[in-house]
2 protein chains.
Amino acid sequence: MLTEERYQFIRDRLAAEGKVLAGELASRFGVSQDTVRRDLRELAKSGQLRRVYGGAVAPAPFAAATIGQRGSHAVEEKLRLAKAAVGVLASGQTLFIDGGTTNEAIARAIPRDVELTVATNSLGVTSALADLPLVELIVLGGRYVRDLGTCVGGDTLAAVAQLGADLFFLGSCGLDASRGVTAFDSAEAEVKRAMARNSAGIVIAATSDKLATAAPYRVAAPDAIRHLVVDKTAPSAILADFERLGAEIHFA
Amino acid sequence: MLTEERYQFIRDRLAAEGKVLAGELASRFGVSQDTVRRDLRELAKSGQLRRVYGGAVAPAPFAAATIGQRGSHAVEEKLRLAKAAVGVLASGQTLFIDGGTTNEAIARAIPRDVELTVATNSLGVTSALADLPLVELIVLGGRYVRDLGTCVGGDTLAAVAQLGADLFFLGSCGLDASRGVTAFDSAEAEVKRAMARNSAGIVIAATSDKLATAAPYRVAAPDAIRHLVVDKTAPSAILADFERLGAEIHFA
DNA sequence: TTTCTTTGTGCACGTTCTTGCATGTTTTGC
DNA sequence: GCAAAACATGCAAGAACGTGCACAAAGAAA
């Protein structure tokens with residue numbers, strides 16, 4: 001019995017029934033439960049199932065429902081980034097959070113026992129925070145843009161102008177030590193600029209593919225970044241540039 | 001029986017019927033009530049349900065006012081109402097839609113090929129419409145109120161004031177032919193009043209338990225209702241009153 | 001062929017998780 | 001106010017789990 005055969009059987013069984021039991025698989029394959037557990041661990045690592053006590057279940061449909069191509073590896077990376085990014089939070093703070101899948105992951109990673117005031121123009125972030133009892137949630141309305149999952153426009157700008165925040169979690173941007181933070185869309189950039197202007201510090205959690213890239217619209221100067229959350233594969237030369245400009249580097 | 005299976009069953013049951021009983025779940029699963037209570041505690045910790053004495057109910061934004069009433073029959077009734085309510089729409093119209101489970105059902109029932117401009121302060125309605133390609137969606141931001149699932153406050157009022165709509169889908173209210181439309185919350189009523197003021201006509205889809213009830217805060221006069229969508233069990237005497245006041249009655 | 005490395009597997013051990021029971025507390029209905 | 005039901009908490013037994021290690025089979029290098 002090849003390992004791959006077991007994998008395929010598990011995948012099929014999950015698709016058909018939604019769950020598998022470790023003990024049942026072991027007796028069916030004629031191997032020890034340890035081997036089955038190793039299989040499950042391996043498949044879980046690539047997001048093909050979710051391990052639970054006693055076996056495994058089909059993965060959450062959450063990934064499929066949301067935006068873009070986000071491979072399973074990128075999900076894990078974003079989750080690690082999100083957990084590290086939450087580390088810069090302190091109870092009682094006021095935050096701006098804008099759009100992007102990384103920011104949605106961060107919002108979902110905020111623990112239930114932290115007291116915060118959060119203003120966001122992202123539908124995903126709003127949904128993620130809507131249930132947290134200690135979060136005072138302010139929705140920044142405006143024209144909803146499907147492709148971004150956020151609100152933009154004059155109404156959004158007006159709402160931002162009335163608020164001030166300790167930290168601004170800035171998402172889905174290009175990031176370059178000389179050009180600073182840049183966005184791909186004009187209206188989006190306007191809102192980000194307003195949020196940056198009304199915040200004491202900017203937090204950016206960047207997957208490694210965002211580093212050293214630039215987009216047309218300028219959002220913030222490179223020295224405006226207070227916290228930069230990256231994974232351990234980020235080139236140290238680039239990080240050194242940001243550190244020199246005053247950013248605090250956090251590794252996921 | 002995996003723990004996760006019990007979780008899933010509870011989630012499904014809550015979505016369908018709005019409530020679960022600890023004792024009933026225990027006998028169905030073949031485990032002790034202690035285990036069921038532990039499950040409920042766990043799900044409550046992540047906001048997936050709200051614990052009550054004897055079991056649990058669906059979390060705030062969806063439970064709204066009617067906890068015991070929303071059996072699977074009530075869900076079906078709301079679906080029928082929603083389909084009928086969509087009948088009053090015409091392509092090219094501009095709508096206000098506020099909160100409530102009935103309005104969320106209506107939003108989900110809007111077909112993909114209708115061109116509309118929709119302004120809403122409800123998170124559920126926003127989520128329902130976010131994917132429709134022909135709907136220009138305007139999010140009315142403000143302070144998010146967990147129990148209502150909507151935004152209220154001065155910012156919301158200001159955003160409403162800048163817009164005008166053909167129809168206002170008014171939800172989760174008391175409804176009485178002499179007192180008109182009434183709401184349970186002061187801030188909520190303010191927003192509804194503003195929407196009513198800036199709309200040419202009001203549409204109300206009411207489950208039969210809403211008819212001939214009243215709440216403290218006045219929202220609109222009884223003769224402001226243009227379309228009233230009810231099921232066939234609605235008392236004809238009450239409907240006659242509304243019809244005399246100028247409402248058009250639609251049966252689901 | 002012989003030797004070494006790689007990979008997959010099973011076993012032993014300690015750890016963590018789940019569960020039912022016992023106990024004491026809180027809530028509900030009368 | 002009282003009794004019963006529902007609940008929270010601590011505890012112990014057992015199941016499931018992770019890890020390190022040994023062993024065997026397959027292939028590569030000498």
Side-chain angles (χ1 to χ4, degrees), chain A residues 1-14 17-60 72-73 75-76 79-80 83 109 111-113 131 133-134 252, chain B residues 1-14 17-60 63 65-71 147:
Chain A
M1 161 78 68
L2 293 175
T3 307
E4 191 56 37
E5 290 182 81
R6 294 200 306 273
Y7 286 0
Q8 195 52 51
F9 184 90
I10 294 171
R11 274 189 286 256
D12 291 345
R13 191 64 169 266
L14 272 178
E17 304 193 12
K19 64 152 188 174
V20 291
L21 304 177
E24 186 192 332
L25 290 175
S27 61
R28 171 177 295 266
F29 294 146
V31 298
S32 73
Q33 295 207 13
D34 302 65
T35 300
V36 171
R37 274 193 281 271
R38 262 185 281 253
D39 291 346
L40 297 181
R41 227 174 303 171
E42 195 57 36
L43 289 170
K45 209 158 63 181
S46 55
Q48 301 184 59
L49 53 79
R50 189 164 59 86
R51 294 202 62 191
V52 297
Y53 199 84
V57 297
S72 54
H73 175 262
V75 169
E76 281 183 26
L79 256 174
R80 279 199 304 275
K83 279 180 187 159
R112 291 180 75 81
D113 58 355
D131 288 331
L134 298 183
Chain B
M1 161 79 69
L2 295 173
T3 306
E4 190 61 33
E5 290 182 84
R6 294 199 307 272
Y7 287 178
Q8 195 54 52
F9 184 91
I10 294 170
R11 275 189 285 256
D12 290 346
R13 193 64 169 265
L14 274 178
E17 306 195 7
K19 65 162 185 175
V20 291
L21 303 177
E24 185 191 333
L25 290 175
S27 61
R28 171 178 294 267
F29 294 146
V31 298
S32 72
Q33 295 207 13
D34 302 67
T35 300
V36 171
R37 274 191 280 270
R38 262 185 281 252
D39 291 346
L40 297 180
R41 226 175 301 170
E42 194 58 34
L43 289 170
K45 208 159 65 181
S46 55
Q48 301 184 61
L49 52 78
R50 193 163 58 84
R51 294 202 63 190
V52 296
Y53 199 85
V57 297
T66 58
I67 284 170
Q69 304 297 331
R70 65 134 77 201
D147 294 340

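Every chain is numbered from 1, with letters handed out A, B, ... down the list of sequences.
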Item checked: Nearest heavy atoms of B/Asp39 and B/Ile10, plus distance in Å -> CB-CD1, 4.2 Å

Check: Given that B/Arg41 and B/Gln33 both sit by DNA chain D, which one's nearest nucleotide is further toward the 5' end?
Finding: B/Gln33

Item checked: Distance in angstrom units between A/Arg37 CZ and C/dC13 C1', rounded -> 13 Å

Notebook entry, point to check: Distance check: side-chain N/O of A/Thr3 vs OP1/OP2 of C/dT9, anything under 4.0 Å?
Noted result: yes

Check: When the distance from CE of B/Met1 to C1' of D/dA16 is rounded to whole Å, what number comes out?
Finding: 18 Å

Margin query: Please confirm whether the shortest side-chain N or O distance from A/Thr35 to OP1 or OP2 of C/dG10 is below 4.0 Å.
Written below: yes

Next item on the list: Using atom CG of A/Asp39 as one end and atom P of D/dA16 as the other, report the distance to the nearest whole Å.
Entry: 17 Å

Check: In whole angstrom, what separates B/Leu2's CG from C/dC17's C1'?
Finding: 13 Å

Notebook entry, point to check: Just how far, in rounded Å, is P of D/dA6 from CG of B/Leu25?
Noted result: 13 Å

Item checked: Presence of donor-acceptor pair under 3.5 Å, side chain of A/Arg38 and base of D/dG18 -> no

Margin query: Could you check whether the side chain of B/Tyr53 and the base of C/dT28 have a donor-acceptor pair of N or O atoms closer than 3.5 Å, going by distance alone?
Written below: no

Item checked: Atom-to-atom span, CG of A/Leu40 to C1' of C/dG8 - whole angstrom -> 16 Å

Next item on the list: Report the C-alpha separation of A/Val20 and A/Phe9 in whole Å, then their side-chain angles, then the decisive distance to 0.1 Å, and conclude whether the side-chain contact (heavy atoms from CB on, under 4.5 Å) test is met.
Entry: CA-CA 10 Å; A/Val20 291; A/Phe9 184 90; over 6 Å; no

Notebook entry, point to check: Nearest 0.5 Å, what's the CZ-CD distance between B/Arg6 and B/Glu42?
Noted result: 11.0 Å

Next item on the list: Flag the pair A/Lys19 and B/Glu4 as a salt bridge only when some basic side-chain nitrogen lies within less than 4.0 angstrom of an acidic carboxylate oxygen.
Entry: no

Next item on the list: For B/Ala56 and B/Leu14, work out which heavy atoms get closest and say how close.
Entry: O-CD2, 4.0 Å

Check: Nearest-Å distance, CD (B/Glu42) to P (D/dA8)?
Finding: 13 Å

Next item on the list: Write down the distance between CZ (A/Arg51) and P (C/dT18), rounded to a whole number of angstrom.
Entry: 13 Å

Next item on the list: Measure distances between side-chain N and O atoms of B/Asp34 and base N and O atoms of D/dC7, and say whether any donor-acceptor pair falls under 3.5 Å.
Entry: no

Notebook entry, point to check: Checking all strands, does B/Val36 fall into the base, sugar-phosphate, or nothing category for heavy-atom contacts under 4.0 angstrom?
Noted result: nothing

